[in-house]
Amino acid sequence: MATAELTAHELIAKHRPTLDQALEAIRTRAYWSPHPEHPKAYGENGSLDAAAGKAAFDALLGSRLDLGQPGTDGWVGGETSPYGVELGVEYPHADLDELLPAMRSGMRQWRDAGAETRAVVCLEILKRISDRTHEFAHAVMHTSGQAFMMALQAGGPHAQDRGLEAVAYAYVEQVRTPDDAEWTKPQGKRDPLALNKRFTPVPRGIALLIGCNTFPTWNGYPGLFASLATGNAVLVKPHPRAVLPLALTVQVARQVLTEAGFDPNLVALAAERPGEGIAKTLATRPEIRIIDYTGSTEFGDWLEANARQAQVYTEKAGVNTVVVDSTDDYKGMLSNLAFSLSLYSGQMCTTPQNLLIPRDGIRTDQGPKTYDEVVADLARAVDGLLGDDARANALLGALVNPDVKARLEAAPGLGEVALASREITHPEFPGAVVRTPVIVKLDGAKPDDESAYMSECFGPVSFAVAVDSSADAVELLRRTVREKGAMTVGAYTTDDEVEQAVQEVCFDEAAQLSLNLTGGVYVNQTAAFSDFHGSGGNPAANAALCDGAFVASRFRVVEVRREAQGLS
């Protein structure tokens, strides 16, 4: 074991104030973040500025990222950026029969360190990652296809916030039970019964993080830090197209653990050879006791059914829906929806897909608008937002993989096209596949159309679904969430009864609702420490990021009791 360069006392002095602020933030749900969003905020106190971050990323290209892990039996790579750049980074390939036992060997010391020490070590890892935000931003951009500013914010400070949020929840749940208790039960004339009791949070075992392609850090950090903070070792299995951001995360974690005197093998990487598909193999190994997964419903369902030895947390696919009944800010509604449909080419699990609009039209501050007018005006709003190619590239990013492109190209065959997609050339990365969204008109009364809008079409595809009335829209919303799940629901209405009906559906089906958003907050954005991402109560996800339930089952409290000294 390495000699500690960072003592627990030093780390507590450095990070306890931040932990306390995080605890207060999750209590009040007010806005707070210790991680700056603005690129110019970096460059002091050891953090990399924009130029240094870009240089650090460039230095990674074509390199071998040796993490010093046991059981390395070869090297793997092959990532190609959605922007057309060959990354050429090689990662260690692990012999699991050697790596997994090595990961377990440091867990006793990590368990005995206690909740506070684990929390501040995690905060030191997050601080080191934050200092390299610009470097991580390029890594996220060139594996996910996010535009740079989104990669910097969502892949950097927003992801770091979610990781810190998970640490805060983990700490709360672990200290809910005291370390020690003196228990005395009166026995009348006889001597009382007296016991000394000690309560210890004990980890489940090795946690497996199965990373996603689109948001490797944002979706990965909650599970990683929730498991680590509760005493578990964490094996990170990145998506084959998005290894670099999580590999860098593992590298930082191993460095901090070593400096703090803990076994670096508490965090390790499981990169895979092309077509190896090690996620299923890992998921059913007896050493794996926790699994965090973001991705397709098919594999998420498989994990829930087959990884019986593990506590499984999944975020899968859903069909996000917006009910459009009426509005007192028609222009603001269109602008808000246009941005929501366009951001990162709709490649977010929270992007709206179905817009349910009464076929007789809606009431607005600009007078009545027919279904056709609403759809046409929304198409113009998207066109206006993305009319300038430079702005479009900054909002859309690149399509993350060929499957998204194929769905986009197939969408016009599903119905009448209200807004056609167009190709945009990226001036810096000519190999990038950049496309604007398509909007397709469908009839909610036609069975053939139902097969389209009742299936997730991940990417820049949305359906304007004509329904007979707002009441029918509410019932279709209910059926959609119940059968297909939803990470987000939106509604626009000035009618109290419609608003109440939509809310009741979301309460009944456990879906997160955004009402009448017309400003700078969008249905597909959530803020750490305040908003819950998913609910865990409908088919789209079996957990929420973050709440107590997301962390509490990652450990168990074991009690040791003994007779109190001096008493019978």
Sidechain-backbone polar pair: Asn232 side chain, Ile206 backbone, donor-acceptor under 3.5 Å | no

With the side chain counted from C-beta on, respond yes when Arg204 and Arg556 share a heavy-atom pair under 4.5 Å apart, and no when they do not.
-> yes

Would you say the side chain of Gln174 lies within less than 4.5 Å of the side chain of Thr230, judging by non-hydrogen atoms?
-> yes

Search all heavy atoms of Gly155 against all heavy atoms of Val140 and return the closest pair with its distance.
-> CA-CG2, 4.2 Å

Shortest non-hydrogen contact between Ser455 and Val319, atoms and distance | C-CG2, 3.9 Å

His533 and Phe550: aromatic ring centres closer than 6.0 Å?
-> no

If you count the non-hydrogen atoms of other residues, nucleotides and ligands that lie under 6.0 Å from CD in Glu497, is the total more than 12?
-> no

Decide if the gap between the ring center of Phe339 and the ring center of Tyr522 is smaller than 6.0 angstrom.
-> yes

Per the salt bridge (charged side-chain N to carboxylate O under 4.0 Å, His left out) rule, which among Arg478, Arg479, Arg482 passes with Asp508?
-> Arg478

Looking at Asp301, Asn542, Thr297, Thr294, which hits side-chain hydrogen bond (donor to acceptor under 3.5 Å, both in side chains) with Lys316?
-> Asp301

Going by the side-chain hydrogen bond (donor to acceptor under 3.5 Å, both in side chains) test, name the single residue among His35, Gln153, Gln160 that passes it with Thr133.
-> Gln160

Report the distance from atom CD of Gln512 to atom CG of Asp531, rounding to the nearest 0.5 Å.
-> 8.5 Å

Give the intermediate values and the outcome of side chain to side chain donor-acceptor pair (under 3.5 Å) for residues Ser33 and Asp161.
-> CA-CA 7 Å; Ser33 171; Asp161 282 350; 2.9 Å; yes

Would a 4.5 Å heavy-atom cut-off, applied to side chains only, mark Thr249 and Val236 as touching?
-> no

Where the side chain of Asp360 meets the backbone of Asp468, is there a donor-acceptor pair that is under 3.5 Å apart?
-> no

With distance as the sole test, does Tyr221 use its side chain to make a donor-acceptor pair with the main-chain N or O of Ala166 at under 3.5 Å?
-> no

Asp495 side chain reached by Arg363 side chain, heavy atoms, under 4.5 Å | yes

Would you call Thr143 and Leu87 a side-chain contact if the rule is heavy atoms closer than 4.5 Å?
-> yes

Value rounded to 0.5 Å, distance of CD in Glu79 from NE2 in His239 | 10.5 Å

N/O donor-acceptor pair under 3.5 Å between Ser530 side chain and Ala30 backbone = no

Salt bridge (Lys or Arg N to Asp or Glu O under 4.0 Å) between Arg380 and Asp383, worked out = CA-CA 5 Å; Arg380 278 191 287 271; Asp383 251 349; over 6 Å; no

Taking every non-hydrogen atom, the tightest pair across Phe458 and Cys349 | CE1-N, 4.4 Å

Residue pair Val322 / Met333, side-chain heavy-atom distance below 4.5 Å = no

Least distance between heavy atoms, Pro82 atom then Ser144 atom | CG-C, 3.9 Å

Side-chain donor or acceptor of Gln347 paired with backbone N/O of Thr214 under 3.5 Å | no

Asn538 side chain to Val481 main-chain N or O, any donor-acceptor pair under 3.5 Å?
-> no

If the plane angle is over 60° it's perpendicular, under 30° parallel, otherwise tilted; pick one for Trp218 and Phe215.
-> perpendicular

Apply the test side chain to side chain donor-acceptor pair (under 3.5 Å) to residues Asp377 and Tyr330: give CA-CA distance (whole Å), side-chain angles for both, the deciding distance (0.1 Å), then the verdict.
-> CA-CA 10 Å; Asp377 289 343; Tyr330 187 60; 2.6 Å; yes

So is Arg162 actually on top of Phe225's ring, under 6.0 Å and inside 45° of the axis?
-> no

Apply the test salt bridge (Lys or Arg N to Asp or Glu O under 4.0 Å) to residues Lys484 and Glu456: give CA-CA distance (whole Å), side-chain angles for both, the deciding distance (0.1 Å), then the verdict.
-> CA-CA 8 Å; Lys484 302 297 180 179; Glu456 188 197 33; over 6 Å; no

Side chain proximity check, Pro437 to Leu386, heavy atoms < 4.5 angstrom | yes

Residue pair Tyr344, Asn524: steps toward the side chain to side chain contact (heavy atoms under 4.5 Å, CB included) verdict | CA-CA 11 Å; Tyr344 184 33; Asn524 43 352; over 6 Å; no

Sidechain N-carboxylate O distance under 4.0 Å for Arg554, Asp292 | yes

Rounded to the nearest 0.5 angstrom, the NZ-CG distance for Lys237 and Leu282 is 8.5 Å

Side chain to side chain contact (heavy atoms under 4.5 Å, CB included) with Asn336: which of Leu341, Thr327, Val523, Leu517?
-> Leu517

Evaluate the ring planes of Phe148 and His138, with Trp represented by its six-membered ring, and classify them as parallel (under 30°), tilted (30 to 60°) or perpendicular (over 60°).
-> tilted

Output for pair (Met141 CE, Leu152 CG), nearest 0.5 Å, gives 11.0 Å

Is the ring centre of Tyr293 less than 6.0 Å from the ring centre of Phe299?
-> yes

May I ask you to test the Ser345-Arg435 pair for a side-chain heavy-atom distance under 4.5 Å?
-> no

What's the verdict on side chain to side chain donor-acceptor pair (under 3.5 Å) for Thr350 and Thr488, showing C-alpha distance, side-chain angles and the deciding distance?
-> CA-CA 6 Å; Thr350 49; Thr488 56; 5.5 Å; no

Nearest-0.5 Å distance, CD1 of residue Ile357 to NZ of residue Lys369 | 13.0 Å

Report the distance from atom CD of Gln353 to atom OG1 of Thr321, rounding to the nearest 0.5 Å.
-> 7.5 Å

Measure from the side-chain N and O atoms of Gln309 to the backbone N and O of Arg285, and report whether any donor-acceptor pair falls under 3.5 Å.
-> yes

